Amino acid sequence: MCGIVAYVGQKPALPILLDGLKRLEYRGYDSAGVAVVTDGHLLIHKKAGKVRDVAAGIPMDFEAATIGIGHTRWATHGEPSDTNAHPHFDCAGEIALVHNGIIENYAAIKSKLEAGGHVFKTQTDTEALVHLVEDWYRVSHDLFTAVRLALLEVHGAYGIAVVSSREPSRVVAARKGSPLVLGIGNGEYFVASDPAAIISNTRQVVYLEDGEIVSLDPSGYVTKTIQNADVMKKVMEVTLELEQIEKGGYDHFMLKEIHEQPETIMNTLRGRLNEKEGTARLGGLRELTDRILAADRFTITACGTSWHAGLVGQYMLEQYARIPVRVEYASEFRYRNPIVGPSDVVWLISQSGETADTLAALREARARGATTAGIVNVVGSSIARETDGGTYLHAGPEIGVASTKAFTSQLTALSLITLMLGRLRGTIGPDQGRAIVHELEILPEKAEKVLEQEQTVREIAREFQSIRNFLYLGRGYNFPVALEGALKLKEISYIHAEGYPAAEMKHGPIALIDRDMPVVFITPRDGTYKKVLSNIQEVKARKGRLIAVADENDQEITRLADFVLRVPHTLDFLTPILTIIPLQLLAYYIAIDRGCNVDQPRNLAKSVTVE
Ligand code: F6R
C-alpha cells in the first residue's frame, strides 16, 4: 500500500525522507518520489522502481532543503510509471502533493478543472486534488485554507501531505479513511502514514483522526477539522518496535490482512455503487460492455484461491445475470484445446496478475479471438496489461503467502460485476438492485462483526490442533467456501483437509467420519440451509465432531454443532464474503498452535510465475 513521509525543521530533509521511505518498503510499492522546497523553488524527483533507484538519481540541489514530502506508490489509478509516481504537482509547479487512498469523484473534478484551463499530465486520481488546491490557492493565497477548501469537495479516502514554494516552511497534511501520524521533534515535525517511517527520529506522536487537517512549520503545529473547527490533540508515545509496526501490531502479515478485510472490501466498493439507479459502475469494463452483453457465455479461469472466487462468481452470474458460465483451472484450460471464440468473454482472476498458468490461459483465449477481462489486484501487472479491460480489486499489497483479503475483494468485485450486468440485462430490477447496493454498503461493518469472534476461534483451534484430517462442507454459494477453507488449513498448518459440496458427502466421504475427522459446516441461513441441516444430522449420527459457521440468529444450530462461529445475516450471494473470514482465522490459529510459519509456509510462493 502507498506510504507517506514528510519533514519540516532545521535539518536536511532529503536523508530523513529517503530513510522514512525505505522503512515503508515492507508495505509493497511500485514507484517512489520526493519533493522539497529550497531557495524559493519546488523540486521534484520521482520514478517507477525502488527507493534506492529514486535516491540514486536525485540532483545535488535537493540537499540544502529543510522541508519536503516523500511517497511510495502502489498503483490504483494508472499504471506504475515515472509520470504516475507521486508527488504530483499543479500547473505552475508551485504546489506538490502526496496522497494515499482513492479520490472517488476525481473524474468530475478533473473535467471541471480542465474546462477552467488546468492541464493534467498523469492518469492518477491524485492529480485532480493538487490542481484543485491550486484553484483554491488563487482565491485564498494560503496553503492551509486552499487544501482545506479543496478537501471539502472531495469524496473518497485520503491521507495527504502538501508543500508549496509560495510558503517555503509549511507542510499541510490531512486524513480521511487513510491513516496519518505526526511526529513531534524539537523544532522539527514529521508526518507519516505509518509510525515505522519516523520512529528513528521521534517516538512522540499525534494521531490525526478522520476529517482533521494540520499545518506544521518549525515553530509548531495547528490542527483543525476540515470544516475549520479547532481540535486539541494529545501527544502519545510509540512503544512498539519497528517489526511490530510493520505488521500493524499483529504477529503476522496474514493476521493483519485478515483484519484489514472490512477496509479492503470497502476499497473494492469505493466509488462504484450507484444507490439511486441500484447498480454498479465499473470504469475498467466500460469499453467492453457491449461485447460482454453480446456474449453467448462466460468462461472464468484462474488458479487456487482465485479459482475458488471464480466458482462463487459462476453461481452469482448465472443466478442474477442469467448468463451461462463455466469455471476452469487455468492450467487445464490452456492445454485442452478449449472451445472458445469471438463470441466468448473469458474472465481471468488473479491477485498477483502474474500467475504463469493464468497468463497463458489469457493468451490462449486472446489467440482464439475471445474478449478478455481481468479481475486483478496488482495494477499494471501482466494480466492487467494484456486483457481488453477489467476491474481492479484495490485491496492493497498482500504479503502473507496464503491469500485472504484478495479473496474477499475478488468476491466483492464479482458481486459488483453481477449487479451491473444483471441491471443491464434486466434480470435484476431497480428495487432489487437498490437492495443489493444497500447490502453491499453495510458489508464492511458485518465483516468487522465477524472478526470480533477471534477469541472463540482461538479456543476451537486449541481443541483441534492435533487432528490430522478435516472435512469442510458447504452448499450453493458456500461450497466454494468449503474448498477455500480447506485450502487455507492445508497451506499453513499442513493438516490434510478436503472441501466437498455437503450433499456429496453421502456418496463417499461419509465413510471417513468418526471422532477424529472433524467436519466444518458452512451453513448460513440461505436457500440451502434446511438441506445442510440434514447433512449435519448424518454426521452427528456417526459421532463426528462439528464446527458450524452459521447465521447469527440461528438457534437450531447450537443444538447440533459442538462449536458455532457466527456471521451476520446477508443476501445469499454475499454470504461467502463473510463465511470465509472465520475459516481464515481458524486456519491461522491452528497453524500457530502447531508452530508453523504462517506467512511463509513451506514449498509455497506468493506469485507462481512458473508452470
Ligand atoms: C492460496 C493462494 C494461491 C493463489 C494462486 C493464484 O492461498 O494464494 O492458491 O490463489 O497461486 O494466485 P493469483 O491469484 O496471484 O493468480
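All ligand and atom numbering here is 1-based and tracks the order in the structure. Just so it is clear, the model here is predicted, and its values are computed rather than measured.
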### Query
Any N or O on Thr358 sitting closer than 3.5 Å to an N or O of ligand 1?
no
### Task
Could you pull out, from His308, Glu491, Gln410, the option with a heavy atom nearest to atom 2 (C) of ligand 1?
Glu491
### Message
Within ligand 1, which atoms have a heavy atom of Thr305 less than 4.0 Å away?
### Response
1 (C), 2 (C), 7 (O), 9 (O), 10 (O)
### Task
Flag the pair Leu269 / Leu416 as yes when at least one side-chain heavy-atom distance between them is below 4.5 Å, and no otherwise.
yes
### Query
Measuring from the heavy atoms of Glu354, does anything fall under 4.0 Å of ligand 1?
no
### Query
Is the shortest heavy-atom distance from the side chain of Gln351 to the side chain of Thr305 under 4.5 Å?
no
### Message
Suppose I only count heavy atoms of Ala402 and a 4.0 Å limit; which atoms of ligand 1 are within that range?
### Response
7 (O)
### Close-contact set for ligand 1 against Ser306 heavy atoms, below 4.0 Å
10 (O), 13 (P), 14 (O)
### Task
Could you tell me how the ring of Phe573 sits relative to the ring of Tyr320: parallel (under 30°), tilted (30 to 60°) or perpendicular (over 60°)?
tilted
### Query
Of the choices Ala309, Gly304, Cys303, which has the non-hydrogen atom that lies closest to atom 6 (C) of ligand 1?
Cys303
### Query
Going by an N to O cut-off under 4.0 Å, is there a salt bridge joining Glu79 and Arg385?
no
### Task
Under 4.0 Å from a heavy atom of Gln351: give me the atoms of ligand 1 that qualify, with their elements.
13 (P), 14 (O), 15 (O), 16 (O)
### Query
Against heavy atoms of Lys488, which atoms of ligand 1 measure under 4.0 Å?
1 (C), 7 (O)
### Query
Passes salt bridge (charged side-chain N to carboxylate O under 4.0 Å, His left out), Arg363 versus Glu386? Steps please.
CA-CA 8 Å; Arg363 291 176 180 157; Glu386 293 187 30; 2.7 Å; yes
### Query
Any side-chain heavy atom of Ile460 sitting closer than 4.5 Å to one from Ile547?
yes
### Task
Please list, chain by chain and in numerical order, all residues satisfying ring pair (Phe, Tyr, Trp, His ring centres under 6.0 Å) with Phe563, sequence neighbours excluded.
Phe464
#### Entry: Heavy-atom pair with the smallest gap, counting every atom of Ala548 and Ala561
CB-CB, 3.8 Å
### Task
Just jot down the ligand 1 atoms closer than 4.0 angstrom to any heavy atom of Ser352, in number order.
13 (P), 15 (O), 16 (O)
### Query
Which ligand 1 atoms does Val401 reach within 4.0 Å, using its non-hydrogen atoms?
8 (O)
